[in-house]
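Per chain, numbering begins at 1; letters A, B, ... match sequence-line order.
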Number of protein chains: 4
Amino acid sequence: MTDTVSQPTISTDAAHRLIAAAEAKAAEIGVPMCIAVCDAGGNLKVFSRMDGAPLLSTQVAQDKAYTAAGFGMPTDGWHDFIKDDAPLAAGAVAGIQRLIIFGGGYPIKVDESVVGGIGVSGGHYTQDQEVAKAGLAALG
Amino acid sequence: MTDTVSQPTISTDAAHRLIAAAEAKAAEIGVPMCIAVCDAGGNLKVFSRMDGAPLLSTQVAQDKAYTAAGFGMPTDGWHDFIKDDAPLAAGAVAGIQRLIIFGGGYPIKVDESVVGGIGVSGGHYTQDQEVAKAGLAALG
Amino acid sequence: MTDTVSQPTISTDAAHRLIAAAEAKAAEIGVPMCIAVCDAGGNLKVFSRMDGAPLLSTQVAQDKAYTAAGFGMPTDGWHDFIKDDAPLAAGAVAGIQRLIIFGGGYPIKVDESVVGGIGVSGGHYTQDQEVAKAGLAALG
Amino acid sequence: MTDTVSQPTISTDAAHRLIAAAEAKAAEIGVPMCIAVCDAGGNLKVFSRMDGAPLLSTQVAQDKAYTAAGFGMPTDGWHDFIKDDAPLAAGAVAGIQRLIIFGGGYPIKVDESVVGGIGVSGGHYTQDQEVAKAGLAALG
């Protein structure tokens, strides 16, 4: 057995590019956002709170990025996953720390590996999703 | 009245065996898991996060073990227990710290005594339960 | 600029081997220990609390592993580093969360990369260091 | 009396410029850093963890920015301020949440107003200070 596993993780440079692209989209739709990028270990890499973005979004954006990196799936997938499963519907959000189950968080994938997560908060989650996707498009 | 009560509690050696058996089952079904064993005092004994297991499961596995040891019943029993009891349905999950009400946590019992708890997280809770049971089978 | 950086991180299998080797040394010197291994992202991989180890060591072992992985140097290097630097001597321990400045934590290095950390607590820190080094010797 | 006071606060655009300038200096001296900028309300505006920066610096950089904005003085001023005042020397660091008393945090001032704070962590605090000052030089 080997001693290590290879874990590619997003670079700071790429994280800045994702955030700049997300900010541009948020400016375009006129909704100031908080945008967070974490690495494959769930640790914050780069964060930006745009002028006028809600204070509470500071934490939500970071937790969306963490949730997405931590499970490797978009945060908007969680509601469908749990809504018809009574124990999870009642117990997942309160029981799993930092879990966000509405849209705006996406895993960042490179060559099928989850290398981090992006989380956006500030508008309705459908707007958050649009801005996060614009960020992801800056990858590669 | 006597001054003390005897409290049997799981040994580190047994905890390692439970975790190894659980890891083997998780590998067999192809879902990397976090597995935690706590003692009768609810304190962590042995923990393992398998390569590729979700980061958020680190906390959930430990809380499932804690919940199971702390009440002496499987975590999957909680939802049925509280769902038709309005005060508990509304208040148990938010009000009881570390309470997990979906499957994957079991008390570890020896001769009718609760000597600890095992908690598994990483897949759907039905998979977590299967892996936890495989761990328990390594006991004795 | 590239989108990712390569981050090798310790495997669960290697983490189990380190802990087994550390446990063997702790048994040999007759001092039960808590032993934690975290990965390159500072997240817990494998943990063991030996029968009879102090409860408070549960957290200390994890924080030693985290400190060592987080700075890439042994925890015993911190006291010398800060003792003659008045602002750090007065402010480092309280100001830096999870910082442990006494012995028992070492970075786990493979090919010059920090791939994780090991932390041991339970005896005097000189004993903790001896046990942690025995764990590291199981690498490779 | 008027009902409101005017509170100038750093813009996201300026925060990005400070962080880019600080990153350039950190790259020049070869020490990867965490850099945080908070606004006049002490809330995080922009953050960057450079590739290879210590994990523990994530929190320290943010707390340095917060300390500096919160008192309107550089973090390196605190040790001299408290060291010969017994109650503060014994009680300030442990009693004041998020207080950092070593260098690397500076208030961001515009026209004599504190409009935010910058905090840098990753090297010795003298290096952190150098990098933070390079960030501040990008203002205006």
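Few gaps surround CD on B:Gln7; more than 12 heavy atoms of other groups in view lie less than 6.0 Å from it. Heavy atoms of other residues, nucleotides or ligands lying less than 6.0 angstrom from CG of C:Leu56 number 12 at most. Around the CG atom of B:Asp111, the shell of radius 6.0 Å holds no more than 12 heavy atoms that belong to other residues, nucleotides or ligands. Other residues, nucleotides and ligands contribute only 12 or fewer heavy atoms inside 6.0 Å of the NZ atom of C:Lys109.
Rounded to the nearest 0.5 angstrom, B:Lys45 NZ and C:Cys34 SG are separated by 8.0 Å.
A pairwise comparison of heavy atoms in B:Thr12 and C:Ser48 identifies CG2-OG, 3.4 Å as the closest pair.
Inter-residue side-chain proximity for B:Val46 and C:Phe47 is flagged as unmet; no heavy-atom pair is nearer than 4.5 Å. Side-chain atoms of C:Asn43 and B:Leu55, non-hydrogen and from C-beta on, do get closer than 4.5 Å to each other. B:Glu23 is listed as a side-chain neighbour of C:His16, based on a closest heavy-atom distance under 4.5 Å.
No donor-acceptor pair closer than 3.5 Å links the side chain of B:Arg49 to the backbone N or O of C:Cys38.
Interface residue C:Ile10: only backbone heavy atoms are found under 4.5 Å from chain B.
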